[in-house]
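No experiment lies behind these values; they were computed from the predicted model shown.
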Amino acid sequence: MDRYSILDQTPSSGSQGDPPLAAAAKEESVAPPSSHFPADAASQSLTEMAQRDLEAALQLLAERAQYITGASGAAIALLEGSEMICRASAGPSSPELGAEVQIKKGLTGESVRTKKVLRCEDAETDSRVNRESCLALGIKSVMVVPLIREQEVIGVFELLADRPHAFEERDITALEHLAEMVLTGLEHADAAKRALQEIAAKNDQAAAQQKASEPARAEIKAGPSAAVTQVPTSEPRDPAGHKPDHPEIVKPAELDKIRKCEACGFPVSEGRTLCLDCEAARLLGDSPAPQAGGQAPAFLTKFGNSKERGWLGPHIYTIGTVLIVVLTVVLLVLRLR
């Protein structure tokens, strides 16, 4: 018997359902569906972590719903494409993880279409459920709460009980609060998925920009050497393009303004014809005769060549020092005798 069509009014065919203990063992052995988010290795690990957290939260909410309402089974199924897949299961009468829940007909299908909470008080008299399947599994009462986000049904929260009239209004209220927690967990998972996609997109954009900037970096690296080769030289060249052996000495313009005294040849400033000594001599009535070429003026004769004065003048201190040393040695010799 197909365990997951108990809410379908069409009789099911096939093998008999597994015992409760075997069903529980299958629940532990069936792994939750893996994530299919496209990401690199680091993003994939974060996605898998977020997926595991979501599966753990859904499983905890299913177990809590079973405990609070006293149901024999609880299940949370989410829409994946066009199929409603069981993502959390608690209790022996609940569907296995990964099983498809029928939403095209039966009690679950009516709840999805009407977007309302529906109850089956007695499976033996309610035509919306599969009576034979419910009888074989010992299910007497069923309650379905649709999970609605943005006016669209994205899943269902189901409770199954082994006694008729098992669910009351307080159970509906409790299950609706738990359904809100399921929606909150799904929103957090979707936010994490979007964040990982944005990170992956930024990484791809950064890689593309880095790849596009590689030619510019290569030009920058080659730029200094090219710039050095293009720097023009400041050294003068002749028309043939050869460098001169010795650079030309540039004479300052101020030296062109210096003149010589007409009488003695001493340098004078621009606008003067005589030096100060020659002007003073002319004022006293003397007429200074021009000096011979290369002869210094009279006031410079005291700075003449030192060789003409003899060698005694420059060496007077050396001679005195030598005499003092000689006398000292003579006195020491006489004292030692």
My understanding is that a hydrophobic cluster links ILVMFWY residues whose side chain heavy atoms are under 4.5 Å apart, including indirect links. Using that, what else belongs to the cluster containing Val182?
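Its cluster mates, by chain and number, are Leu54, Leu58, Leu61, Ile76, Leu78, Val117, Met143, Val145, Leu147, Ile154, Phe157, Leu159, Phe167, Ile172, Leu175, Leu178, Met181, Leu183, Leu186.
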Consider only side-chain heavy atoms of I, L, V, M, F, W and Y, link residues closer than 4.5 Å, and tell whether Ile316 and Ile324 are in one cluster.
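Ile316 and Ile324: separate clusters.
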Same cluster (ILVMFWY, side-chain, under 4.5 Å), Ile319 and Leu327:
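Ile319 and Leu327: separate clusters.
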Main chain of [Y], side chain of [X]: is a donor-acceptor contact present, judged purely on distance under 3.5 Å?
{"X": "Asp126", "Y": "Ala123", "value": "no"}
{"X": "Ser111", "Y": "Leu107", "value": "no"}
{"X": "Ser89", "Y": "Glu96", "value": "no"}

Are Glu169 and Arg119 within salt-bridge range, i.e. N to O under 4.0 Å?
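Salt bridge: yes.
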Tell me whether the count of non-hydrogen atoms from other residues, nucleotides or ligands lying under 6.0 Å of NZ in Lys104 goes above 12.
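Open.
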Approximate separation, where rounding is to 0.5 Å, of [X] [atom1] and [Y] [atom2]:
{"X": "Ile139", "Y": "Asn130", "atom1": "CD1", "atom2": "CG", "answer": "10.0 Å"}
{"X": "Ile103", "Y": "Met84", "atom1": "CD1", "atom2": "CE", "answer": "4.0 Å"}
{"X": "Lys105", "Y": "Arg113", "atom1": "NZ", "atom2": "CZ", "answer": "11.0 Å"}
{"X": "Leu336", "Y": "Leu331", "atom1": "CG", "atom2": "CG", "answer": "11.0 Å"}
{"X": "Leu137", "Y": "Ser93", "atom1": "CG", "atom2": "OG", "answer": "7.5 Å"}
{"X": "Leu160", "Y": "Gln66", "atom1": "CG", "atom2": "CD", "answer": "9.5 Å"}

Go through the structure and list residues passing side-chain hydrogen bond (donor to acceptor under 3.5 Å, both in side chains) with Ser141, not counting sequence neighbours.
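Scan of Ser141 (side-chain hydrogen bond (donor to acceptor under 3.5 Å, both in side chains), adjacent residues dropped) gives none.
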Which residues pass the side-chain hydrogen bond (donor to acceptor under 3.5 Å, both in side chains) test with Arg163, sequence neighbours left out?
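Arg163: no side-chain hydrogen bond (donor to acceptor under 3.5 Å, both in side chains) contacts found.
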What closest approach, in Å, do [X] and [Y] show between heavy atoms, and which atom pair accounts for it?
{"X": "Ala74", "Y": "Ser94", "value": "O-CB, 3.5 Å"}
{"X": "Ala161", "Y": "Ala166", "value": "CB-CB, 3.4 Å"}
{"X": "Val101", "Y": "Ala77", "value": "CG2-CB, 4.0 Å"}

Residue pairs, two or more places apart or on separate chains, that pass salt bridge (charged side-chain N to carboxylate O under 4.0 Å, His left out) and touch residues 197-206
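Of all non-adjacent pairs touching residues 197-206, none passes salt bridge (charged side-chain N to carboxylate O under 4.0 Å, His left out).
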Going by salt bridge (charged side-chain N to carboxylate O under 4.0 Å, His left out), name the pairs with one or both residues in residues 143-153, residues two or more places apart or in two chains.
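For residues 143-153, and leaving out neighbouring residues, the salt bridge (charged side-chain N to carboxylate O under 4.0 Å, His left out) pairs sorted by first residue read Arg149-Asp190.
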Who pairs with Asp122 by side-chain contact (heavy atoms from CB on, under 4.5 Å), at least two apart in sequence or on another chain?
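Scan of Asp122 (side-chain contact (heavy atoms from CB on, under 4.5 Å), adjacent residues dropped) gives Glu124, Thr125, Pro164.
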Will you find, in the side chains of Gln59 and Glu63, an N or O donor that is under 3.5 Å from an N or O acceptor?
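Yes, side-chain donor-acceptor contact under 3.5 Å.
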So do the side chains of Val112 and Val156 get within less than 4.5 Å of each other, counting heavy atoms only?
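Yes, their side chains come closer than 4.5 Å.
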